[in-house]
Protein chains: 2
Amino acid sequence: MKQQLVFKALADGTRRDILRVLRSGSKSAGELSEEFSITKASLSHHLALLLNAELVRRERRGQQLIYSLNSSIAEEVMAILFGLFSHKEDS
Amino acid sequence: MKQQLVFKALADGTRRDILRVLRSGSKSAGELSEEFSITKASLSHHLALLLNAELVRRERRGQQLIYSLNSSIAEEVMAILFGLFSHKEDS
DNA sequence: TAGATATTTAGATAATAGTCTAAATATCTA
DNA sequence: TAGATATTTAGACTATTATCTAAATATCTA
């Protein structure tokens, strides 16, 4: 996991919103775009960053590209956070 | 907690390094600056963002300003992450 | 294979963010 | 209170990022 990519990806509010939308199930880029007021091109840019950070997965279904959450990375992020904040010498 | 401030603060590698350094105990701005190759002014800027996000606390001791981790916010961040990635309808 | 649909990529622009130097503020001590 | 030390704040510069429009790519279907 590229730590820097993950934290950068999570730093944008739109991208966190995308993750929240995907909680209710996988969606195509087009379906996702209905939930946001930015252009499809901008959304595609955000999806690329999320994909690059491995926060989402992507698969093609015909003409559509279907995006879904990659929850396993969440555990890794939490482990890192735990590491950032746990005091050394603590039992 | 201002979610946006926290995620933005965590997005920068230098700031995550600052948190890691503080794991071994609280430090003054000057002591911290010995650990980094940026100027004290730049470091001060990062510390201000961490403070603003409530990821660190600050107290004055004479001429020095002592920074320490605010671990309680880590729990909140993890809760948010959990929320971002947990599938709806999941038990 | 031509046209329609779904999505990304390229290139431009504007806003944000990180860094620096120089100056300002706060505290201590002789 | 003057000077020294510790740190922040201000202002400028550069790099990165988010957004847009227009063009390109991929897939399906008549």
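Keep in mind that what you see is a predicted model, and the values were worked out from it rather than measured. Chain naming here is simple, since letters A, B, ... match the order of the sequence lines and numbering starts at 1 in each.
Note: L43(A) CG to S37(A) OG = 10.5 Å, rounded to the nearest 0.5 Å. Rounding to the nearest 0.5 Å gives a distance of 7.0 Å between CD of E34(B) and NZ of K40(B). One distance of note links OG of S68(B) with NE2 of H87(A); it measures 7.5 Å at 0.5 Å rounding. The distance from the CG atom of L84(A) to the CG atom of L10(B) is 7.0 Å, given to the nearest 0.5 Å.
Residue F85(B) comes nearest to S71(A) through the heavy atom pair O-OG, 3.2 Å, listed as atom of the first residue, atom of the second, then distance.
Between F7(B) atom CZ and dT17(D) atom P the separation is 18 Å, expressed in whole Å. Here the P atom of nucleotide dT8(C) and the CD1 atom of I66(A) are 11 Å apart, to the nearest Å. If you take CG of L5(A) and C1' of dT17(D), they are 14 Å apart, rounded to a whole angstrom. Summarising the geometry, the separation between OH on Y67(A) and P on dA6(C) is reported as 15 Å, rounded to the nearest angstrom. Residue I18(A) contributes atom CD1, which lies 14 Å from atom C1' of dT7(C) at whole-angstrom precision. Distance, L50(A) CG to dA18(D) C1': 13 Å, rounded to whole Å.
At dG18(C), none of the side-chain N or O atoms of T14(B) fall inside 4.0 Å of OP1 or OP2 (strictly under the cut-off). Side-chain nitrogen and oxygen atoms of R15(A) include at least one within less than 4.0 Å of the OP1 or OP2 phosphate oxygen of dA18(D).
Among L19(B), V21(B), L50(B), the one residue that satisfies the side chain to side chain contact (heavy atoms under 4.5 Å, CB included) test with L69(B) is L19(B).
The stretch residues 53-75 of chain B participates, sequence neighbours left out, in no salt bridge (Lys or Arg N to Asp or Glu O under 4.0 Å) pair at all. The salt bridge (Lys or Arg N to Asp or Glu O under 4.0 Å) analysis of residues 15-25 of chain B, with sequence neighbours excluded, yields the pairs D17(B)-R20(B).
Of the candidate nucleotides dT7(C), dT7(D), dA18(D), dT7(C) has the atom lying nearest to any side-chain atom of L65(A).
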Heteroatom pairs (N/O) under 3.5 angstrom, protein to nucleotides 14-16 of chain D:
none

Mind listing the N/O atom pairs, protein and nucleotides 27-30 of chain D, below 3.5 Å?
from    : atom 1 : to     : atom 2 : distance (Å)
dT27(D) : O3'    : G62(A) : O      : 3.4
dT27(D) : O2     : Q63(A) : NE2    : 3.3

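Two different hydrophobic clusters hold Y67(B) and L49(B) under the rule that ILVMFWY side chains link at heavy-atom gaps under 4.5 Å. In this structure, L55(B) is a member of the same hydrophobic cluster as I80(B), with clusters built from ILVMFWY side-chain heavy atoms closer than 4.5 Å. In this structure, I18(A) is a member of the same hydrophobic cluster as F7(B), with clusters built from ILVMFWY side-chain heavy atoms closer than 4.5 Å. Transitive grouping of hydrophobic side chains (ILVMFWY, heavy atoms separated by less than 4.5 Å) brings L51(B) and F36(B) into a common cluster.
Side chains of I38(B) and H46(B) form a contact here, defined as non-hydrogen atoms less than 4.5 Å apart.
A donor-acceptor contact shorter than 3.5 Å is absent between the side chain of S24(B) and the backbone of K88(A).
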remark   = Dot-bracket for DNA chain C, 5' to 3', Watson-Crick and G-U pairs with both distances under 3.5 Å, [ ] for crossing pairs, | for partner on another strand, reads ||||||||||||||||||||||||||||||
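A heavy-atom distance below 4.0 Å to DNA chain C is reached by these residues of residues 30-49 of chain B, ordered by number: I38(B), T39(B), A41(B), S42(B), H45(B), H46(B), L49(B).
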